[in-house]
Amino acid sequence: QVQLVESGGGLVQPGGSLRLSCTASGKMFRINGMAWYRQAPGKERELVAAITGGDSTNTNYADSVKGRFTISRDNGKNTVYLQMNSLKPEDTAVYYCNVKTRSPWLNAYDYWGQGTQVTVSS
């Protein structure tokens with residue numbers, strides 16, 4: 001059973017910072033990539049940041065968070081982080097961790113964290 005456990009959410013003032021973490025455990029194949037998504041009330045889920053799972057460190061970010069958020073990973077711990085700085089009220093959402101794996105037969109699988117609430121308010 002694969003489990004992704006998220007932590008680090010909370011309530012912060014505009015301009016503040018938070019650091020989210022997501023750790024994957026259980027039986028799974030090789031991790032190809034990790035990402036953070038978010039969903040605000042009444043809005044669709046959107047990709048916030050993504051990072052490759054190999055030896056290279058290729059990242060991409062949503063335009064709305066470029067320059068403020070940083071995604072990173074620790075392959076040895078199967079953990080992905082999201083450092084969020086200069087937070088804005090529009091960053092308020094439930095943040096979900098996503099992990100993509102690939103089997104030896106090239107089958108791909110997606111796993112999701114339980115979600116962690118981030119609220120930016122004065």
Side-chain angles (χ1 to χ4, degrees):
Q1 186 175 7
V2 176
Q3 185 177 29
L4 273 57
V5 179
E6 302 179 30
S7 63
L11 173 64
V12 296
Q13 295 182 345
S17 298
L18 284 174
R19 182 172 180 259
L20 307 182
S21 65
C22 172
T23 300
S25 63
K27 298 285 187 178
M28 74 185 83
F29 295 113
R30 187 80 172 181
I31 295 176
N32 279 342
M34 294 178 160
W36 288 96
Y37 291 78
R38 69 185 180 187
Q39 187 166 23
K43 296 185 178 180
E44 296 181 348
R45 183 188 65 183
E46 65 173 343
L47 176 66
V48 177
I51 188 169
T52 54
D55 293 331
S56 63
T57 308
N58 297 319
T59 61
N60 64 82
Y61 299 89
D63 289 339
S64 60
V65 306
K66 286 182 179 178
R68 300 188 298 118
F69 291 10
T70 303
I71 188 171
S72 62
R73 53 164 163 78
D74 185 332
N75 289 338
K77 297 181 179 180
N78 284 343
T79 298
V80 62
Y81 306 93
L82 185 67
Q83 179 66 47
M84 304 183 293
N85 299 325
S86 301
L87 283 163
K88 304 175 180 179
E90 49 263 46
D91 295 318
T92 296
V94 177
Y95 285 70
Y96 296 93
C97 174
N98 171 258
V99 174
K100 297 184 183 296
T101 67
R102 187 173 64 188
S103 74
W105 309 276
L106 302 182
N107 297 117
Y109 303 91
D110 281 304
Y111 302 97
W112 294 89
Q114 81 281 5
T116 184
Q117 177 71 48
V118 172
T119 302
V120 184
S121 176
S122 59

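All of these numbers come straight from a predicted model, not from anything done at the bench. Along the sequence shown, residues carry numbers from 1.
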Query raised in the report: Going through the checks in order, is the side chain to side chain contact (heavy atoms under 4.5 Å, CB included) test met by N78 and S25?
Result: CA-CA 7 Å; N78 284 343; S25 63; over 6 Å; no
Taking the side chain as every heavy atom from C-beta outward, state whether [X] and [Y] have any pair of such atoms under 4.5 Å apart.
{"X": "V99", "Y": "V2", "answer": "no"}
{"X": "W112", "Y": "C97", "answer": "no"}
{"X": "T70", "Y": "Y81", "answer": "no"}
{"X": "V65", "Y": "M84", "answer": "no"}
{"X": "V12", "Y": "S17", "answer": "no"}
{"X": "L47", "Y": "N98", "answer": "no"}
{"X": "L18", "Y": "F69", "answer": "no"}
{"X": "R102", "Y": "F29", "answer": "no"}

Query raised in the report: Salt-bridged, D91 to K88, with N to O below 4.0 Å?
Result: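 Salt bridge between D91 and K88, a charged N being under 4.0 Å from a carboxylate O: no.
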Donor-acceptor check, side chain of [X] to backbone of [Y], threshold 3.5 angstrom: yes or no?
{"X": "T52", "Y": "N58", "answer": "yes"}
{"X": "E6", "Y": "C22", "answer": "no"}
{"X": "T92", "Y": "V120", "answer": "yes"}
{"X": "Y61", "Y": "I71", "answer": "yes"}

Minimum heavy-atom distance [X]-[Y], with the two atoms named:
{"X": "Y95", "Y": "V48", "answer": "CE2-CG2, 4.2 Å"}
{"X": "R38", "Y": "A93", "answer": "CB-CB, 3.9 Å"}
{"X": "S122", "Y": "P14", "answer": "N-CD, 3.6 Å"}
{"X": "A24", "Y": "L4", "answer": "CB-CD1, 3.8 Å"}

Is there a continuous path of hydrophobic side-chain contacts, each under 4.5 Å between heavy atoms, that joins [X] to [Y]?
{"X": "I31", "Y": "L106", "result": "no"}
{"X": "Y111", "Y": "Y37", "result": "no"}
{"X": "Y109", "Y": "M34", "result": "yes"}

Nearest-0.5 Å distance, [atom1] of residue [X] to [atom2] of residue [Y]:
{"X": "T101", "Y": "K27", "atom1": "OG1", "atom2": "NZ", "answer": "14.0 Å"}
{"X": "Q39", "Y": "Y96", "atom1": "CD", "atom2": "OH", "answer": "6.0 Å"}
{"X": "S121", "Y": "L87", "atom1": "OG", "atom2": "CG", "answer": "12.0 Å"}

Query raised in the report: Quick check: are there more than 12 heavy atoms from other residues, nucleotides or ligands sitting under 6.0 Å from CZ of R68?
Result: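 For R68, atom CZ is crowded (more than 12 foreign heavy atoms under 6.0 Å).
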Query raised in the report: Pairs in or reaching into residues 104-119: which pass salt bridge (Lys or Arg N to Asp or Glu O under 4.0 Å), with residues at least two apart or in two chains?
Result: K100-D110
Query raised in the report: Hey, are T79 and T23 close enough side-chain-wise for a donor-acceptor pair under 3.5 Å?
Result: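 T23 vs T79: donor-acceptor pair found between side chains.
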